Amino acid sequence: MSAPLRRSSPLLIVFLCVLIDMLGYSMIVPLLPFIVHEQSESALMVGMLSALYALMQLLAAPVLGALSDRIGRRPVLIGSLLASSGAYALLGIAGMVGSLPLIGLAVAWGGAAGASIPTVQAYISDRCKPCERTRSLGLVGAAFGIGLMVGPAAGGLLSVYGLNVPALAAGLLALLNTLFALFMLPESLPLERRMRRSLSPLSIAGQIGYAVALPNLRPLLLAVFLLNLAFAGLQSNFPIFSSERFGWDPLNNGVFFAFVGFCGVFTQAFLVGRLLPRFGEPLLIVGGLSLMSLSLSLTALAAKAWMLFPLIGLMALGLGLALPSLTSLIAGGAGEGRQGAALGGMQALLSLALIFGPPLAGMLFDLYGPSAPYLSGSFLTAGSLAAAVFGLWAVLRQGRPKCPLHVDQQP
């Protein structure tokens, strides 16, 4: 075996671990509202459980990241996979016995176990040269996309045999993934490079504070927050919306989520690379956010089920154009040596959006009907567009395809 192949083998193993993990996760996401709906018909309850999952991820991610700096990446990743297996199994059991508190416990457990993505990114950084890092992180992004594309369809097909079956299948898949990593995944962080960092989950507040202290990034960070506040709420609310308005069952929703995953993969893999050199990040952001706001307002008015495919397809296209471009500009605008802190703050804001978005959508659904979350999502995305235009106005006026944001001195 050649030396380059030996060096890439651990990354291939990480790719497979992430792919299998995302397959299990995405089998459950479209079905969770139906599992909860058997115990409570409140859309707010579905939103609250989605927020609980995001909250546990927010609190656990810095703890797992700091722990992996102390004891190595391998034990943290293997432990997270094993914990995910237990969470999925508990969710399946909770569905069988009809216990809402057990469902909540399983969701919280799964959120904490699924907070290992920063550790995966650290593993890749340990293994790769700087010039190879972006491509390797892109492979992990591809694993996410493939998992999110295949998993919902698989979960929908398995739901024919009962809503608890996909959860139990995801638990078995996670257990097999644990065994695979146990025997195949090597350690990436040698003993001499390990260090002690705070295990406090509250360290995430410092990341947000640092990011928003950079004046040139504030409008773009606000745009990211509002965009994900809209998207997070609709993601958790969509199965309830489609069931209420069009009578869709878990299988219909699973196939639809797979379609949305395909749109996201197609946008990231093919469109962004071709459009970026021609138009640049600022125009992709404006175009993507405009598409999202329009598609969400039209979704609220959709009268036929088939209309959802082109409308939500446009929304996925807009998100795929806008979010990577915003991320790139935030990293570039932070300045040399500060990208990690800025992106960490952005990730924390994303987590906050995942916490507040689902309950907001659920409350609007319960109070004002199925269209309300999509109309509010359209307004939030329009607000994101306004913030982005404000932050990029000087560049947009010049009509340049690229955006070298001015980097202020660190306050």
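What's counted below: heavy atoms across the whole structure, side chains too, no hydrogens, waters or symmetry copies. Predicted model only: the values in this text are computed from it and were never measured.
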- F241 side chain reached by L308 side chain, heavy atoms, under 4.5 Å: yes

- Message: Under the criterion side chain to side chain contact (heavy atoms under 4.5 Å, CB included), I'd like the reasoning laid out for S290 against L385: C-alpha separation, chi angles, the key distance, then a yes or no.
- Response: CA-CA 7 Å; S290 299; L385 174 62; 3.6 Å; yes

- Rounded to the nearest 0.5 Å, what's the gap from CG on L227 to CG on L222? Could you check? 11.0 Å

- Give the C-alpha distance, both sets of side-chain angles, the deciding distance and a yes or no for side chain to side chain contact (heavy atoms under 4.5 Å, CB included) between T299 and M315. CA-CA 10 Å; T299 298; M315 187 196 74; over 6 Å; no

- Verify the neighbour count for atom CE of M307: are there more than 12 heavy atoms of other residues, nucleotides or ligands below 6.0 Å? yes

- Item | Expected output: side-chain S80 to main-chain V76 donor-acceptor under 3.5 Å | yes

- Heavy atoms from other residues, nucleotides or ligands near CZ of F356 exceed 12 (cutoff 6.0 Å): no

- Message: For R73 versus E187, what's the shortest heavy-atom pair and its separation?
- Response: N-OE2, 2.9 Å

- Query: In Å and rounded to the nearest 0.5 Å, what is the CG to CD1 distance from L317 to I312?
  - Reply: 12.5 Å

- Query: Tell me, do Y374 and S297 make a side-chain contact under 4.5 Å, heavy atoms counted?
  - Reply: no

- Would you say L226 and T381 make side-chain contact, with heavy atoms under 4.5 Å? no

- Query: Should M363 and D366 count as side-chain neighbours, where that means a heavy-atom distance under 4.5 Å?
  - Reply: no

- Hey, does the side chain of D249 reach the backbone of N252 with a donor-acceptor pair shorter than 3.5 angstrom? yes

- Item | Closest contact, heavy atoms only, P370 versus E244 | CG-CG, 3.7 Å

- Item | Within-4.5 Å side-chain heavy-atom neighbours: V165 and S159 | no

- Note on the structure: Rounded to the nearest 0.5 Å, the CG atom of L77 sits from the CG atom of L82 at a distance of 12.5 Å

- Please check if the side chain of S293 supplies one atom and the backbone of S378 the other of a donor-acceptor pair under 3.5 Å. yes

- Task: For W109 and A87, work out which heavy atoms get closest and say how close.
- Result: CG-CB, 3.9 Å

- Message: Could you walk me through whether R218 and L221 satisfy the side chain to side chain contact (heavy atoms under 4.5 Å, CB included) test, starting with their C-alpha distance in whole Å, then the side-chain angles of each, then the deciding distance to 0.1 Å, before giving a yes or no?
- Response: CA-CA 5 Å; R218 289 173 190 160; L221 290 169; 5.6 Å; no

- Item | Distance-minimising heavy-atom pair for I35 and G95 | CG2-CA, 4.5 Å

- Query: F238 vs F256 aromatic rings, parallel, tilted or perpendicular, using cut-offs 30° and 60°?
  - Reply: parallel

- In Å and rounded to the nearest 0.5 Å, what is the CG to CG distance from L294 to L289? 12.5 Å

- Item | Pairwise distance CG(L220) to CD1(I285) - rounded to 0.5 angstrom | 6.5 Å

- Message: Rounded to the nearest 0.5 Å, what separates atom CG in L392 from atom CZ in F390?
- Response: 11.0 Å

- Query: Which atom names give the shortest non-hydrogen contact between A89 and L168, and what distance separates them?
  - Reply: O-CD2, 3.9 Å

- Message: Using side chain to side chain contact (heavy atoms under 4.5 Å, CB included), reason through L323 and N228 one step at a time and then give a plain yes or no.
- Response: CA-CA 9 Å; L323 190 55; N228 283 275; 3.9 Å; yes

- Write down the atom of G92, the atom of N164, and the distance for their closest heavy-atom approach. O-CB, 3.4 Å

- Looking at residues at least two apart in the chain, or sitting in another chain, which of them share a side-chain contact (heavy atoms from CB on, under 4.5 Å) with I78? R74, T178, A181, L182

- Item | Any side-chain heavy-atom pair of P358 and V46 under 4.5 Å | no

- Got L375 and Y368 here, is their nearest side-chain heavy-atom distance under 4.5 Å? no

- Item | Heavy-atom neighbours of F379 CZ exceed 12 at 6.0 Å | no

